[in-house]
Amino acid sequence: MMPLSFDEAKQLVERLKLFAQPQRLIIVDALLGGPLAVSELEAKTGIGQPTLSQQLGTLRRADIVVPRRESRAIYYSLANEEEILRAKALIGLLREDKAGLPLAQRIAKGQASLVKPKTQTEGGARFAFILTPPNSSAI
């Protein structure tokens, strides 16, 4: 592993500052379970709506979380597989959970393919087709 340059160290410190705020860390941890509507996040984390909105905005601007509108509700999720792995590794390491170390090592080696790729785009339309048996005639 190469030594950190001053610029790289500054970037990492800025990234760490994002997780050094209790509400943001709680939000990220809650989103490890999958996308949640703002109302669900509020109930699950106990963070009031004004603070929740402010912290989600900070995480969104840092490209850690992404919003998705569904009718009147806005759902938030971690931005991508790398953010999921980083969050799992960071929270695991901070909790002194030994499972966090292999995640951190895989991220460092660029082997961030621990999460299965999604087979269907979130929020996309789903269509059902009714197939008639080949022997029947259409009425």
Asks: Going by side-chain contact (heavy atoms from CB on, under 4.5 Å), name the residues that satisfy it together with A62, two or more places apart in sequence or in a different chain.
Replies: L18, I64
Asks: Please list all pairs passing the side-chain hydrogen bond (donor to acceptor under 3.5 Å, both in side chains) test where one or both residues lie in residues 23-43, with sequence neighbours left out.
Replies: Q21-Q23, R24-Q55
Asks: Looking at residues at least two apart in the chain, or sitting in another chain, which of them share a salt bridge (Lys or Arg N to Asp or Glu O under 4.0 Å) with K44?
Replies: none
Asks: With rounding to the nearest 0.5 Å, note down the distance linking CD in Q11 to CG in L16.
Replies: 12.0 Å
Asks: To the nearest 0.5 Å, what is the distance between OH (Y75) and CD (E70)?
Replies: 5.0 Å
Asks: Using the salt bridge (Lys or Arg N to Asp or Glu O under 4.0 Å) criterion, which residues pair with R60? Sequence neighbours excluded.
Replies: none
Asks: Would you mind reporting whether Y76 and V38 have side-chain heavy atoms less than 4.5 Å apart?
Replies: yes
Asks: Would you call L90 and F19 a side-chain contact if the rule is heavy atoms closer than 4.5 Å?
Replies: yes
Asks: Quick check: do V66 and S77 have side-chain heavy atoms less than 4.5 Å from each other?
Replies: yes
Asks: Give a yes or no answer on whether the side chain of T45 reaches the backbone of I47 with a donor-acceptor pair at less than 3.5 Å.
Replies: yes
Asks: What residues, two or more places apart in sequence or in another chain, satisfy side-chain contact (heavy atoms from CB on, under 4.5 Å) together with L12?
Replies: L4, E8
Asks: Could you check whether any side-chain heavy atom of L31 comes within less than 4.5 Å of a side-chain heavy atom of L41, counting everything from C-beta outward?
Replies: yes
Asks: Any heavy-atom pair between the side chains of P50 and Q54 that's under 4.5 Å?
Replies: no
Asks: Got a second to check how far D63's CG is from L78's CG, nearest 0.5 Å?
Replies: 12.5 Å
Asks: Among all residues two or more places apart in sequence or in another chain, which pass the side-chain hydrogen bond (donor to acceptor under 3.5 Å, both in side chains) test with E83?
Replies: R15, R86
Asks: Between L32 and K88, is there a side-chain heavy-atom distance shorter than 4.5 Å?
Replies: yes
